[in-house]
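Below is one structure, written out as C-alpha cells; the observations come after it.
Lettering follows sequence order; numbering is per chain, from 1.
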Amino acid sequence: MIDPRLLTDEPEKTAAALARRGVGPDVLAGLQELDGARRSAIAALDAARAEQNAASKAIGRRPPEEREAAIAEAAALKDRVVALEAARDATDAAHHDAFSRIPNLPHPDAPDGVEGDGIVLREVGTLPTLDGVSEPRDHVALLEAADAIDLARGAKVSGARFAYLKGEGALLELALIRYAVDIALARGHVPVIPPVLVREPAMYGTGFLPTDEQQLFATRDDDLYLVGTSEVPLAGMHMDEVLDPSELPLRYAGISPCFRREAGAHGKDTRGILRVHQFEKVELFSIVTPDASDAEHERLVDTQIAIVSGLELHARLVDIPVGDLGSSAARKFDLEAWMPGQQAFREITSCSNTTDYQARRLRMRLRVEGGDNVPVHTLNGTALAVQRIMIALVEQHQRADGSVAVPAALVPYLGREVLLTR
RNA sequence: GGAGGGUUGGCAGAGCGGACGAAUGCACCGGUCUUGAAAACCGGCGUGCCCUCACGGGCACCGGGGGUUCGAAUCCCUCACCCUCCGCCA
C-alpha cells in the first residue's frame, strides 16, 4: 500500500512515479476522487456521531421523569448515524480495494523497461571452462545418472513439477542450506524456521494478495495458504507492532520450503527442477528504519554475491526494470547464474527493497519520539534457492565423466570433494 | 475430537449497561527535594483516523467480526488464540 497522502501532498511527483509502472492518469484521478470521498464520509460520520454521543450521554444525567423524552430525541439521531456509517463503509471499501491494487512507487534509480530490459551491473566469477567436457550435460542428465533425482516418480506421486531428491541430491540440499545459513548468520541474520501455512492477513500484508492469488496454493478446509517464500511469515512476525528504533535493524534468515502454483507458466521450463511447485530456500529478510533501506539493499546483495562466489559460480547481477517488478518492490536486483545445460543465464536469486509498502499493509511502525510513528522499511533477498543453485552447481562444475567437483567452501558441509561419481 | 476457564493500556490487574479510553500498582519520562543518588511528593505516559498553518478539536479502538440498546469493556451470536482436563498422536 502506498501512502494515500502522497496523492494530495505530492501529486505531480507521485503521478510521474506511478506512470512508470503503468498506472495512468485515469486511474490516478479515480484514486484521488476515492480519497476525497473517503475523507468527507469520515468527517460527516464523525460529526453525526459526536452529536449522538452528546445526546446519549445527557440521558444519564437527566432525572427519571425526563428520560423518556430524551431517549426519543437521541433515538431520532440514530438513523442519520446508521446511514452515514453505511456510506463511510462503502467508500472505505472502495478506497481500500483500489489502493491495495496500486503497486509500490519505483525507486528513482530503478531502470525503465519491461521483462528482459534488465541492466547487467556486474559479473560474478568467470565462465566455467568445463575442461575435457565435449558436450555439457544438463542437470537432469547429471543428477539422474547418479540417482540423485527422480523426476518420473515425482510426477507419478505428485504431478508435473515435483521431484524427489535422493542420495547425494538430498545430502547436497542439506549441505547447501547449512552453508548459506552460516554465511547469513555471520552477517547478522538470525536463522528462523517459520510456519509455511499462513492466514490471509499475512499474504495480504506482504502484497501477494489480492494480486498474485493464482500463484498460491491454498488449503481446502482451513483458510490457510502455503507460502511461496518465507518472506511472508517473516514479514508477518512483526505485523501490528510498533518497533523502537533501538531494535532495528532486525535481520532474519528464513529456512523453509516454498510452494508456487506456476500458473501461466505452462510449457515453460518443463525439464528438470528449474521451475518446480515445491523447493527449499534460505531467505534473507531485513526490517530497517526508512533512511537505511538503500544501504541495507546493497548489504543484502553483497551477502548474496558472497554465497554465490563461495560456490565458485559464474553469475551476473541484473538491475530489474520497473516493468518487471513485483507489486511490493520499489527496486529489485537478480543474480542470474550461467547454466551450461541450456547455455543461458537464469535467475537464481532476487533481492527487493519494498520500502514502506509491506510495512504499511502490515502496520509495522517505527516509534518516533515527539511525532507520528511511521512505517518501517522491509527488504528481502534469496540467500540460496536450493534447486536453482543445484542446477548451476552441477552444470558448472561437471567433469568429463559426469561427476561434479565440489567447491572448497562446500566440502566441509558435504563431507566429500566429488559428487555424482558412479 | 469432547468438557470447562480465559483474552482489558509496556507489564500486572480492577471494572460486568450511563460521568470508562478505562481504577490501582509496577515500569518509563519530566519536575520538586538532595552535594549527588535513592526514597518521597507533583506532573506526564496507548494506537489509528478526520478537521486545523498552528493552538486545538472530533471520531474509533478493552482479542477479530456481527447483533441488542438512546447508550456496550460490561448483554447476545460468531470466529481466532491461550490455559486446564479427557481422548488420539510424531
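- Screening residues 84-94 of chain A for side-chain hydrogen bond (donor to acceptor under 3.5 Å, both in side chains) gives R38(A)-D92(A), R49(A)-E85(A) as the qualifying pairs, with residues at least two apart or on separate chains.
- Under the salt bridge (charged side-chain N to carboxylate O under 4.0 Å, His left out) criterion, R80(A) pairs with no residue at all, not counting sequence neighbours.
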If you look only at distance, which donor and acceptor atoms sit under 3.5 Å apart when one is on a side chain in residues 250-263 of chain A and the other is two or more places apart or in another chain?
{"residue": "R251(A)", "atom": "NE", "partner": "E296(A)", "partner atom": "OE1", "Å": "3.4"}
{"residue": "R251(A)", "atom": "NE", "partner": "E296(A)", "partner atom": "OE2", "Å": "2.8"}
{"residue": "R251(A)", "atom": "NH2", "partner": "E296(A)", "partner atom": "OE1", "Å": "2.8"}
{"residue": "Y252(A)", "atom": "OH", "partner": "H238(A)", "partner atom": "NE2", "Å": "2.7"}
{"residue": "R260(A)", "atom": "NE", "partner": "G228(A)", "partner atom": "O", "Å": "2.9"}
{"residue": "R260(A)", "atom": "NH2", "partner": "G228(A)", "partner atom": "O", "Å": "2.9"}
{"residue": "R261(A)", "atom": "NH1", "partner": "Q214(A)", "partner atom": "O", "Å": "3.0"}
{"residue": "E262(A)", "atom": "OE1", "partner": "R275(A)", "partner atom": "NH1", "Å": "3.1"}

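- Contact between the side-chain N/O atoms of R367(A) and the OP1/OP2 oxygens of rG10(B) is not found at any separation under 4.0 Å.
- Checking rC70(B), rC50(B), rU47(B) against every side-chain atom of I71(A), the shortest atom distance belongs to rC70(B).
- In this structure, the CZ atom of R363(A) is 11 Å from the C1' atom of rG64(B), given to the nearest Å.
- Side-chain N/O atoms of R88(A) include none lying less than 4.0 angstrom from OP1 or OP2 on rC59(B).
- Within the structure, every side-chain polar atom (N or O) of K57(A) is placed at least 4.0 Å from both OP1 and OP2 of rC70(B).
- Between V242(A) and L366(A), the shortest heavy-atom distance links the atoms CG1-C, 4.5 Å.
- Contacts with RNA chain B (heavy atom under 4.0 Å) in residues 42-56 of chain A: I42(A), A43(A), D46(A), R49(A), A50(A), Q52(A), N53(A), S56(A), listed by number.
- In this view, S350(A) and D334(A) satisfy the side-chain hydrogen bond (donor to acceptor under 3.5 Å, both in side chains) rule, not counting sequence neighbours.
- Near-neighbour residues of RNA chain B inside residues 2-13 of chain A, defined by a heavy atom below 4.0 Å, number-ordered: R5(A).
- What separates CG of D92(A) from P of rC59(B) is a distance of 18 Å, to the nearest Å.
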